[in-house]
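Reading through the C-alpha cells given below for one structure.
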Amino acid sequence: MEQRRSDGSLRHLITLEGLRRAEIEALLDHSQRYVCLPGATPPTNRALAGKSIGNLFTEPSTRTRVSFELAGRRLGAEVLNLEVQLSSRAKGESMLDTIHTLESLHFDAFVIRDSEPGVVAHVAAHVAPHVSVLSAGEAHLSHPTQGLLDALTVRQHKGGDFSRLCVAIVGDIRHSRVARSAYEVFTALGVGELRLIAPSGLMPASGEFPVGKRHFTPETGLRDADVVMMLRLQKERMAAAEIPDGEDYFARFGLTQPRLRLARPDAIVMHPQPMNRGIEIASDVADGPQSVIRDQVRNGVAVRMAVLEAVARARPRPS
Ligand code: ASP
C-alpha cells in the first residue's frame with residue numbers, strides 16, 4: 001500500500017517501513033515541541049481547526065485511543081469515537097460501505113485499530129483523496145505511532161546518536177506489533193546493536209528481524225544494554241496451549257532488579273502497557289528510577305499531534 005502522495009509527502013501512516021531517517025527525525029523534532037511535562041499546560045493550536053477525525057477501534061485500547069483523541073483536540077479538530085465494525089467479521093453493511101458513509105459525513109482522517117492484517121491498508125486504498133488513514137495498531141504487524149513514541153523516549157534519555165546504543169527487546173516478540181515497529185524505527189535511526197530476548201516459542205520466525213541478535217535468556221541478552229524494552233504477553237494472539245504459565249515466565253524472563261543490574265547502570269526500562277506486573281516485570285522495576293514508562297505515555301500525545309499535523313499538511317479539500 002502506497003502511503004505517500006505523488007509529491008512524496010506522507011498521506012497515510014500505516015507502517016514505518018520505508019520512512020527515511022531524516023523523515024523520522026523531523027517527526028521526532030516536531031513531536032518534541034508538543035511534549036508536555038507533568039503539571040504544565042498542554043500546548044494547543046488551531047492547525048486542524050475545521051477538520052474531523054474518526055477513531056475506529058475494533059480492538060481494546062486505552063492509551064492509544066485517548067491520546068489520539070487528545071492530540072486531535074489539542075490541534076483544534078473535532079474527534080469522534082465511532083462504534084462501527086470494519087473488518088470482514090462485520091455482518092451486514094460491508095466495510096467499504098461503512099467508510100463511504102462516514103466520508104459523506106465529512107471526515108478528514110480515520111484512526112484505525114484492527115486485529116486483522118490488511119484492514120487499515122484496505123481502507124486507505126479506498127478513501128477519497130483528501131482523507132488520511134492512520135494505523136493505531138494492526139494485528140501483530142505494525143503500530144507506527146508507538147514506534148515513534150518509543151524512539152522519542154529513547155532520544156530524550158540517551159541523545160540522538162542511536163549508533164552508540166544497544167537496545168534489548170524482551171518477551172513476546174513473535175506476536176508483538178510494538179516490537180516490529182520498534183525494529184523498523186530503531187534500524188532506520190541506525191541503532192548500534194539490537195537484541196531479541198525471548199523463549200523459543202515467542203521468538204519471531206527466522207528471516208524476520210534480520211538485524212536482531214537472538215538470545216534465549218535474559219542473562220546473556222541484557223548484559224550492558226542501554227535500553228531494555230519489555231513487551232506484554234499477547235495472549236489474545238496465542239492458542240490456549242501456547243500461553244506460558246505466568247509464574248514460570250516471570251522466573252525465566254521477568255525483569256527483576258537483579259536482571260536489570262546486568263544492563264548498564266544508566267539503562268532505561270520501557271513497556272508499551274498494559275503491563276502484567278509480576279509476569280513480565282517486577283513492580284519495583286516498573287515504578288523504579290530507571291523506568292521511563294510514564295514518559296512513553298506522555299510522548300504518545302506529542303507524537304500523535306505531530307503525525308496528525310504532518311499528514312494534514314498540503315491535504316487538498318474536495319471542491
Ligand atoms: N498497547 C500496545 C498495543 O496495542 C501493547 C500491548 O497491547 O501489548 O500493541
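As the structure lists them, so they are numbered: ligands from 1, and atoms in each ligand from 1.
F68 carries R304 over the face of its six-membered ring, with the cationic atom under 6.0 Å from the centre and within 45° of the normal.
Regarding atom 1 (N) of ligand 1, its nearest protein heavy-atom neighbour is Q273 O, 3.0 Å. Of all protein heavy atoms, the one closest to atom 6 (C) of ligand 1 is R232 NE, 3.3 Å.
Considering only heavy atoms from C-beta on, T64 comes within 4.5 Å of H143 through its side chain.
Ring-plane geometry between Y249 and F253 is classed as parallel, the angle between the planes falling under 30 degrees on a 0 to 90 degree scale with a further cut at 60.
Backbone and side-chain nitrogen or oxygen atoms of Q146 are examined, and none is located within less than 3.5 angstrom of a nitrogen or oxygen of ligand 1. At a 3.5 angstrom cut-off on N or O pairs, R177 counts as close to ligand 1.
By the neighbour-count criterion of 12 heavy atoms within 6.0 Å, atom CD of E83 is sparsely surrounded, having that number or fewer from other residues, nucleotides or ligands. Annotation for R164: atom CZ does not count as buried by contact number, only 12 or fewer foreign heavy atoms lying within 6.0 Å. When the shell of 6.0 Å around CD of E17 is examined, it contains 12 or fewer heavy atoms from other residues, nucleotides or ligands.
Shown in contact with V178 at under 4.0 Å from a heavy atom are these atoms of ligand 1, numbered in order with element: 2 (C), 5 (C), 9 (O). Ligand 1 places these atoms under 4.0 Å from at least one heavy atom of P274: 7 (O). When each atom of ligand 1 is checked for a heavy atom of R113 under 4.0 Å away, the hits are 4 (O).
Only the side chain of H143 comes within 4.0 Å of ligand 1, counting heavy atoms alone; its backbone N, CA, C and O stay farther away.
Ligand 1 has no atom lying under 4.0 Å from any heavy atom of S61. Within the structure, the closest approach of E59 to ligand 1 does not fall below 4.0 Å when heavy atoms are considered. The shortest separation from a heavy atom of Q234 to ligand 1 is under 4.0 Å, placing the residue in contact.
Partner H271 forms a side chain to side chain donor-acceptor pair (under 3.5 Å) with one of R277, R232, E280 and no other, that one being E280.
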Requested in this report: Given ring pair (Phe, Tyr, Trp, His ring centres under 6.0 Å), test F107 with F110 step by step and report yes or no.
Outcome: CA-CA 7 Å; F107 281 96; F110 295 114; 5.6 Å; yes
